[in-house]
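Report on the structure given below.
Computed from a prediction, not measured in an experiment: that's the story for all the values here. Residue numbers start from 1 in every chain, and the chains themselves are labelled A, B, ... in the order their sequence lines are given, proteins ahead of strands.
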Number of protein chains: 2
Amino acid sequence: MSKPAALTLAAPDPAAAQQCCPPMSQQRLEPGTAADLAAAFKALGDPVRLELMSMIASAPGGEICVCDLTPSFQVSGSTISHHLKTLRAAGLVDAERRASWVYYRARPGLMRRLATLLTPDAEEATS
Amino acid sequence: MSKPAALTLAAPDPAAAQQCCPPMSQQRLEPGTAADLAAAFKALGDPVRLELMSMIASAPGGEICVCDLTPSFQVSGSTISHHLKTLRAAGLVDAERRASWVYYRARPGLMRRLATLLTPDAEEATS
DNA sequence: GCTCGGTTTCGACGGTTATCGAAACCGAAG
DNA sequence: CTTCGGTTTCGATAACCGTCGAAACCGAGC
């Protein structure tokens, strides 16, 4: 295998994080699971990436072209590409090439898992 | 003000992130908001911190002593303290000193905000 | 007051990461 | 086949981060 479609590096360990996770307020995470999920949070832990993620997730047809993402930021195109690769590696987005353009779409699976994990149980607290 | 209670550094900008955020699948984040929330995700983006967070959030009485956290990890006590400070600065946990021990508890507010942000709308997708 | 255990802070070291520009890649269209 | 625009990769640089041990801090108890 040389490099069939480098775009589909499709989440190495996030695949392992595929099966899990009640709210962390209900149950302590196992170290291994914590490591997998921390990688996903880390991917969201950059302002540019988080904004990219929000643009992709809220894109009209469920997908958006890199050419529509890049102009919204003050960083270079190569930097945007790098951040998109990070999101892809984390399993948060998917990429597909059509003609000259590459379209990204969100992967709801992992997002939902993270959302569940963070959901506070039933408790109330404004602070 | 010299240093009244260094433990309550109580979230600098997370206070700004206090008011917001429909699911990102519904609306693109503004750059400023993205920066604030990215800081919170970044705090969760380390395996040790995420596991710490889960231990604190799932603690029986809603709180847990540092002395009960430290022995669960293979890193030094000073490193644990450093990570706890990071979680505190992100507005994810609160600390209170009682006698010789310091107790940490989760701040559900920010957790809930992050959970909402990540919630995929109504869509279905297993991939 | 002095000591002691729990916790945080300080300073340093090594590895990671965000960023850039240049180069490579890849379809499409001359 | 050559060119061209969009995108990714490569290599380099500077800033950041996780970790440690030592030192400082802080109540409690002697």
Output the distance between atom [atom1] ([X]) and atom [atom2] ([Y]), rounded to the nearest 0.5 Å.
X     : Y      : atom1 : atom2 : answer
A:I56 : A:M53  : CD1   : CE    : 6.5 Å
B:T33 : B:L117 : OG1   : CG    : 9.5 Å
B:K42 : A:D46  : NZ    : CG    : 7.5 Å
A:L52 : B:L29  : CG    : CG    : 11.0 Å
B:L87 : B:H82  : CG    : NE2   : 10.0 Å

Tell me: [atom1] of [X] to [atom2] of [N], nearest whole Å?
X      : N      : atom1 : atom2 : result
A:I80  : D:dT9  : CD1   : P     : 15 Å
B:K85  : D:dC20 : NZ    : P     : 17 Å
A:R98  : D:dG5  : CZ    : P     : 22 Å
B:W101 : D:dC25 : CH2   : P     : 22 Å
A:E51  : C:dA18 : CD    : C1'   : 16 Å
A:F41  : C:dT17 : CZ    : C1'   : 20 Å
B:L52  : D:dT19 : CG    : P     : 10 Å
A:E96  : D:dT8  : CD    : P     : 13 Å

Exercise for the section: Count the heavy atoms belonging to other residues, nucleotides or ligands that lie under 6.0 Å from CD of B:Q26, then report whether that count exceeds 12. Expected result: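 Atom CD in B:Q26 is crowded, with more than 12 foreign heavy atoms closer than 6.0 Å.
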Pairs under 3.5 angstrom, nitrogen or oxygen only, protein versus nucleotides 14-18 of chain D, please.
| from | atom 1 | to | atom 2 | distance (Å) |
| --- | --- | --- | --- | --- |
| D:dC17 | OP1 | B:K42 | NZ | 2.7 |
| D:dG18 | OP1 | B:R49 | NH1 | 3.1 |
| D:dG18 | OP1 | B:R49 | NH2 | 2.8 |
| D:dG18 | OP2 | B:R49 | NH1 | 3.4 |

Between [options], which nucleotide has the shortest distance from any of its atoms to the side chain of [X]?
X      : options               : answer
A:V75  : D:dT7, D:dC26, C:dC20 : C:dC20
A:S76  : C:dC20, C:dG27, C:dT8 : C:dC20
B:V102 : C:dT8, D:dG6, D:dT9   : C:dT8
A:S100 : C:dA28, D:dA22, D:dT9 : C:dA28

Problem - Minimum heavy-atom distance between B:R28 and A:S58, given as atom pair plus value - result: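 Heavy atoms of B:R28 and A:S58 come nearest at N-OG, 3.7 Å.
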Might you list the N or O atoms of the protein lying below 3.5 Å from N or O atoms in nucleotides 1-3 of chain C, with each pair's distance?
none

Practice task
Kindly determine whether B:Y104 and B:R88 satisfy side-chain contact (heavy atoms from CB on, under 4.5 Å), including the steps that lead there.
Solution key: CA-CA 9 Å; B:Y104 279 78; B:R88 230 163 42 211; 2.6 Å; yes
Problem - Residue whose closest nucleotide on DNA chain C lies nearer the 5' end, A:G77 versus B:C67 - result: B:C67
Exercise for the section: Ignoring hydrogens and angles, answer whether the base of D:dG21 and the side-chain atoms of B:S78 contain a donor-acceptor pair closer than 3.5 Å. Expected result: yes
Output side-chain donor-acceptor pairs under 3.5 Å for residues 61-75 of chain B, partner residues at least two apart or in another chain, one line each.
| from | atom 1 | to | atom 2 | distance (Å) |
| --- | --- | --- | --- | --- |
| B:E63 | OE1 | B:R105 | NH2 | 3.0 |
| B:E63 | OE2 | B:R98 | NH2 | 2.5 |
| B:T70 | OG1 | B:V66 | O | 3.0 |

Handout entry: Distance test, side-chain N/O of B:Y103 to OP1/OP2 of C:dT7, below 4.0 Å
Key = no
